[in-house]
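Single-structure report; data block below.
FYI, side chains are in, hydrogens and waters are out, and symmetry mates aren't considered; it's all heavy atoms of this structure. A quick note: this is a predicted structure, and the numbers were derived from the prediction, not measured. Protein chains get the first letters and strands the later ones, always in sequence-line order, with residue 1 at the start of each.
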2 protein chains.
Amino acid sequence: MVRARSEERRADILRAALEVIAERGYRGATLGSVAERVGLTQQGLLHYFPTKEALLVAVLEERDRWDTSGGRDREGWRLDLLESLVEYNAMRPGIVQTFSALLGESVTDGHPARTFFTERYAQVRANMADVLRLEFGDRLAGGLTPEQAAPLLTAVMDGLQYQWLLDPSAVDMPGAFRDFLRLLRGGEEQSQGPSGT
Amino acid sequence: MVRARSEERRADILRAALEVIAERGYRGATLGSVAERVGLTQQGLLHYFPTKEALLVAVLEERDRWDTSGGRDREGWRLDLLESLVEYNAMRPGIVQTFSALLGESVTDGHPARTFFTERYAQVRANMADVLRLEFGDRLAGGLTPEQAAPLLTAVMDGLQYQWLLDPSAVDMPGAFRDFLRLLRGGEEQSQGPSGT
DNA sequence: ACCCACCTACCTGTAGATCGGTAGGTTACG
DNA sequence: CGTAACCTACCGATCTACAGGTAGGTGGGT
């Protein structure tokens, strides 16, 4: 079972890389520190991933696999699933931090994750529009179309993550997200106790 | 007029630093490349800012000064000014990119900009809440309080910036922001041609 | 005469990557 | 069954590059 052992190692490395990137970003991450975390030397790590960039790509691919399976997919989501996704995220600061750090870096010139994020957001917006149309039809609060609301929904999720990462005690991320959904639903009067500060 | 010349140099350096950080983030930025851009050696630059971190701090302080003067202040904004701020930003991708990159990095451990952003966001949210209360009173669309809507407003601005930076042709940032304001205003029916994709 | 602005030279640390091994297991085959 | 050929999973040494920072100047303006 050499093959299995090897796959396991790769998975360990990816998990470690995720951690290190969360702590220092991609540019700040070093192969040595990732290697150390799984009990390898830097050279040992390079046996599995020939370059630093290859490691990053593998991390991103794994992410893609994850959210193309776990509930989503070309047309998989519904609004209440989004809500639980945000709740789920609120319990995994590590993962959120990894991808928020990467997103931030990715807007810089020639960053290896840039195309990944660009394409991903295009797809996410399309997805969101579908979800919204399914839930609200063609016309939602404020007279917006699903296509107009989709980037906003996406933006809220990301923006809240940054605020929450910077100061978790100042922002109730899932609560705030629910607030936004109420805004989308548009009813003037709704109770349900306050969630923010 | 040596003093003036020196101030001018500092301003040049800060401008160059802003550019370089936009291109490579803080961690990826090098003193040498900033220096080069203003026709100095790296050591010449260190004459003005004794460490790399000092340079970053100066950049952040300048930003603070900028948005504590230009229209804002403890109680300065109004919603329509926010709208023009977003329009203004849409014409300065450089600045937006600098601070989006920094925000992304700042969530990593021990980043020198972290406290800056943490405090800044607390203040921004408070500001936003004031603005919203001034505009809408205590109860806005969806039954939200200004304090609940403030983090959302902030998140939308930031989140849209990332989407826009990644693919300006895919997102009409000012248009999308106006859409969000319509959502906040809450009226079910409003015309004004579509803005999104 | 002095000092501000800046440079040359240099040091130290670190990062990614290459090279050449070695130990242990696996397979091919006489 | 045994052994030679080969492969996998690493490690040590080393190369190259560059980064931030220090020390000690020099030269021009006031």
Interatomic distance where CZ belongs to B:F49 and C1' belongs to D:dG20 [whole Å]: 16 Å

Would the distance check show the side chain of A:S106 and the main-chain N or O of A:L103 forming a donor-acceptor pair, the cut-off being under 3.5 Å? yes

If you look only at pairs with a residue in residues 83-95 of chain A, which of them pass as a salt bridge (Lys or Arg N to Asp or Glu O under 4.0 Å), with sequence neighbours excluded? A:E87-A:R178

Tell me whether B:Q97 contacts the main-chain N or O of B:A22 through its side chain, where contact means a donor paired with an acceptor under 3.5 Å. yes

Given 3.5 Å as the limit, does a donor-acceptor pair link the side chain of A:T98 with the main chain of A:L18, or not? yes

Centroid-centroid distance, B:F117 to B:H111, less than 6.0 Å: no

Quick one: CG on B:L45 to CZ on B:R9, what's the gap to the nearest 0.5 Å? 10.0 Å

What integer distance in Å separates A:R10:CZ from D:dA9:P? 10 Å

Here the distance between atom C1' of D:dA9 and atom CD of A:E8, to the nearest Å, is 14 Å

In whole angstrom, give the distance that lies between atom CG of A:L56 and atom C1' of C:dG16. 15 Å

For the pair made of CG in A:L45 and P in D:dG12, what is the distance, rounded to whole Å? 15 Å

Among D:dT22, C:dA5, D:dA9, the nucleotide that comes nearest once only the side chain of A:H47 is considered: D:dA9

Measure the distance from NZ on A:K52 to P on C:dT14 and round it to the nearest whole Å. 15 Å

Looking at A:E105 and A:R27, would you say the former's side chain and the latter's main chain have a donor-acceptor pair under 3.5 Å? yes

Can you list, by residue number, the residues of residues 24-42 of chain A that have a non-hydrogen atom closer than 4.0 angstrom to DNA chain C? A:A29, A:T30, A:L31, A:Q42

CD of B:Q148 to CG of B:L140, rounded to nearest 0.5 Å, is 8.5 Å

Check nucleotides 19-21 of chain C for protein N or O atoms closer than 3.5 Å to its own N or O atoms and list the pairs.
none

Does B:Y121 reach the side chain of B:P151, with side-chain heavy atoms less than 4.5 Å apart? no

Gap between atoms CG and P, on B:L55 and D:dG21 respectively (whole Å): 10 Å

